[in-house]
Amino acid sequence: MINVALPKGRLGDSVYALFDKLGYSCPEMTENTRKLVFTNEEKGVSYVLVKPSDVAVYVERGAADIGVVGKDVILETEPDVYELYDLGFGKCALAVASRNDWVDDTRLPLRVATKYPHVAQKYYASINRDIEIIKLNGSIELAPILDLSDVIVDIVETGKTLKENNMGVFTRIAESSARLIANKSSYQFKKAEIENLISGVEALI
Ligand code: PRP
């Protein structure tokens, strides 16, 4: 049995569609249900649907053998897991952005609003810039608009949110896409099954 942690939402739906094509199906998953665990004994697979930022926690602690998570989350949480495969979808960038009319005053510490405090700290430490982190959980773009922060560190996918709020990207810190990750001991014990699944994914992508 392979236990898979999938992120709720569009990314999880795409990954399930992929695994379904490979024969790891669980028809209950596509029904409108509040169930949290979906098992197909015959196919030897079990899925859990969790918040995208929680996938790596389940996999790191062995509650799931494998999972799919954005590289942005991996960079933020640095989980102790194997990052096995870049699925190539869910592409976005972790970037510094602000209002188009913002001018940096390098004499002052920079106020950075973000859902990614670790990524932001690491990036600004690498360029020796003093910052103050303002941790938010959503609608990050509002922060510079209301002068809560000077800049944001956030993911940019299409760029539509920034554009519609007269904002732009100043620096791209890292590129992100969906990654297949595995628990380290599961990878040893279920190597054949996991590698078989990866070869299937590779062939399909
Ligand atoms: C994310 C991110 C940006 C937006 C970027 O927010 O925080 O706000 O998507 O996408 P775009 O470049 O295609 O416009 P999300 O939709 O996850 O919601 P949130 O604001 O609640 O974090």
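Residue indices begin at 1 and follow the sequence shown. Both ligands and their constituent atoms are indexed starting at 1 by order of listing.
Partners of K184 according to the salt bridge (charged side-chain N to carboxylate O under 4.0 Å, His left out) rule, which considers only residues two or more places apart in sequence or in another chain, are D80. Taking K91 as the reference, nothing meets the side chain to side chain donor-acceptor pair (under 3.5 Å) condition, with sequence neighbours excluded.
Protein residues lining ligand 1, listed by chain and number: K115, G138, S139, E141, D154, I155, V156, E157, T158, G159, K160, T161 [non-hydrogen atoms, distance under 4.0 Å].
With rounding to the nearest 0.5 Å, the separation of CG in D65 from CE in M1 is 10.0 Å. Distance check, rounded to the nearest 0.5 Å: CG of D150 to CG of D105 gives 9.0 Å.
No hydrogens or angles considered: nothing links the side chains of D154 and Y116 as a donor-acceptor pair under 3.5 Å.
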Donor-acceptor list for residues 194-205 side chains, cut-off 3.5 Å, not counting sequence neighbours:
{"residue": "E195", "atom": "OE2", "partner": "Y187", "partner atom": "OH", "Å": "2.5"}
{"residue": "S199", "atom": "OG", "partner": "E195", "partner atom": "O", "Å": "2.7"}

